[in-house]
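All remarks here apply to the structure that follows.
Bear in mind the structure is a predicted one, so any value in this text is a computation, not a measurement.
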Amino acid sequence: MSRIGKKPVELPTGVSASVSGQTVEVKGPKGARNFTATDDVTIKVEDNVVSIEPRGKSKRARQQWGMSRTMVANMVTGVTDGFKKELEINGVGYRAQMTGNTLKLNLGLSHDVDYVAPEGVTVTAPKQTIIIVEGIDEQVVGQVAADIRAWRKPEPYKGKGIKYKDEYIFRKEGKKK
């Protein structure tokens, strides 16, 4: 039995869900999202609660049960609160600034890096050393943050680079004479 799959997803006020076939569509104040589940699960919406049940005892049905419930819960969270990732830039001369829809990164390379934010994701730089990525799709927000971080990952000696706000950088001791 899936402990996650057993829990129904409650819809807060202002959020509506509809099921057509295997597709669940969730609409809320921040937008609308949809998810198509596999044929291994049954999805029902009753009294502002979305419940998911497996269609058999197979291993795949049990796997899809918990995953489908988590996807619906993430859609509900996305359309109500949204998802947010914060990045910090450490290093002398490293900075970021927004120009329209483009994030301009100065990371000590021979050129500036221009990153265009994809549709549905908002990238802001309130300070030169902080980047905030926000959106209603958790996967896309995480991927955008990972793409930005990949330009200059934090190094273990001085900690220079782009890191997540809550990330711990394991520090190494330098060379000794």
Side-chain angles (χ1 to χ4, degrees), residues 1-89 96 98 101-103 115-126 130-151 153-154 161-170:
M1 294 292 287
S2 173
R3 292 182 187 189
I4 294 171
K6 279 193 263 185
K7 297 178 188 173
V9 179
E10 294 188 23
L11 300 174
T13 56
V15 177
S16 64
S18 61
V19 178
S20 62
Q22 289 297 101
T23 302
V24 181
E25 185 169 6
V26 179
K27 293 180 184 173
K30 289 200 176 225
R33 297 266 334 269
N34 60 4
F35 165 69
T36 304
T38 61
D39 291 331
D40 299 312
V41 294
T42 305
I43 302 170
K44 297 177 196 157
V45 179
E46 299 168 345
D47 302 330
N48 284 336
V49 172
V50 180
S51 59
I52 292 138
E53 297 291 323
R55 283 190 184 163
K57 302 277 186 199
S58 69
K59 183 176 181 179
R60 180 169 165 77
R62 288 178 289 144
Q63 290 170 342
Q64 296 298 319
W65 184 19
M67 193 271 308
S68 299
R69 190 261 180 209
T70 303
M71 292 295 288
V72 172
N74 284 344
M75 287 192 313
V76 170
T77 304
V79 297
T80 53
D81 302 329
F83 293 100
K84 178 179 177 181
K85 291 268 188 183
E86 291 187 40
L87 301 163
E88 291 180 351
I89 301 175
M98 286 299 296
N101 192 23
T102 305
L103 177 68
Y115 185 82
V116 179
E119 194 71 31
V121 176
T122 307
V123 179
T124 56
I130 295 176
I131 302 168
I132 299 174
V133 182
E134 295 175 300
I136 63 171
D137 189 351
E138 186 178 28
Q139 193 273 327
V140 175
V141 169
Q143 187 63 52
V144 168
D147 290 344
I148 293 170
R149 182 182 180 273
W151 281 104
K153 291 181 184 171
I162 303 173
K163 70 179 190 82
Y164 297 111
K165 186 176 183 182
D166 56 353
E167 183 180 9
Y168 174 75
I169 306 300
F170 181 76

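- A search for side-chain hydrogen bond (donor to acceptor under 3.5 Å, both in side chains) contacts involving Thr23 returns Thr36, not counting sequence neighbours.
- Residues Ala17 and Val50 approach most closely at CB-CG2, 4.1 Å, considering heavy atoms.
- With sequence neighbours excluded, no residue forms a side-chain hydrogen bond (donor to acceptor under 3.5 Å, both in side chains) with Thr102.
- Scored by the side-chain hydrogen bond (donor to acceptor under 3.5 Å, both in side chains) test, Thr42 finds Arg55 as partners (sequence neighbours excluded).
- Separation of atoms CD (Gln64) and CD1 (Ile52) is listed at 11.0 Å; rounding is to 0.5 Å.
- The shortest heavy-atom contact between Ala125 and Ala96 is CB-O, 4.2 Å.
- Remark: Ala73 pairs with Val9, Arg69 by the side-chain contact (heavy atoms from CB on, under 4.5 Å) rule, at least two apart or across chains.
- Here Glu167 pairs with Arg149 under the salt bridge (charged side-chain N to carboxylate O under 4.0 Å, His left out) rule; sequence neighbours left out.
- Listed by chain and number, the residues in a side-chain contact (heavy atoms from CB on, under 4.5 Å) with Ala37 are Gln22, Phe35, Val41, Ile43, Ser68 (sequence neighbours excluded).
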Which pairs would a plain distance check flag for residues 131-146, meaning a side-chain donor or acceptor within less than 3.5 Å of a matching protein atom at least two apart in sequence or in another chain?
from: Asp137; atom 1: OD1; to: Gln139; atom 2: N; distance (Å): 3.3
from: Glu138; atom 1: OE1; to: Asn74; atom 2: ND2; distance (Å): 3.0
from: Gln143; atom 1: NE2; to: Asp147; atom 2: OD1; distance (Å): 2.9

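- When the shell of 6.0 Å around CD1 of Ile4 is examined, it contains 12 or fewer heavy atoms from other residues, nucleotides or ligands.
- Contacts of Lys163 classified as side-chain hydrogen bond (donor to acceptor under 3.5 Å, both in side chains), with partners at least two apart in sequence or in another chain: Glu88.
- We find the CZ-NZ distance between Arg62 and Lys57 to be 9.0 Å, quoted to the nearest 0.5 Å.
- Residues passing the salt bridge (charged side-chain N to carboxylate O under 4.0 Å, His left out) test with Lys27, sequence neighbours excluded: none.
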Checklist entry - Run the side-chain contact (heavy atoms from CB on, under 4.5 Å) check on Val19 and Lys44 step by step: do they pass? => result CA-CA 7 Å; Val19 178; Lys44 297 177 196 157; over 6 Å; no
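- With values rounded to the nearest 0.5 angstrom, Arg33 atom CZ is found 10.5 Å from Thr77 atom OG1.
- Under the side-chain contact (heavy atoms from CB on, under 4.5 Å) criterion, Pro12 pairs with Val15, Val76, Thr80, not counting sequence neighbours.
- With sequence neighbours left out, Pro54 forms a side-chain contact (heavy atoms from CB on, under 4.5 Å) with Ala61, Trp65.
- A salt bridge (Lys or Arg N to Asp or Glu O under 4.0 Å) check over residues 10-19, counting only residues at least two apart or in different chains, returns nothing.
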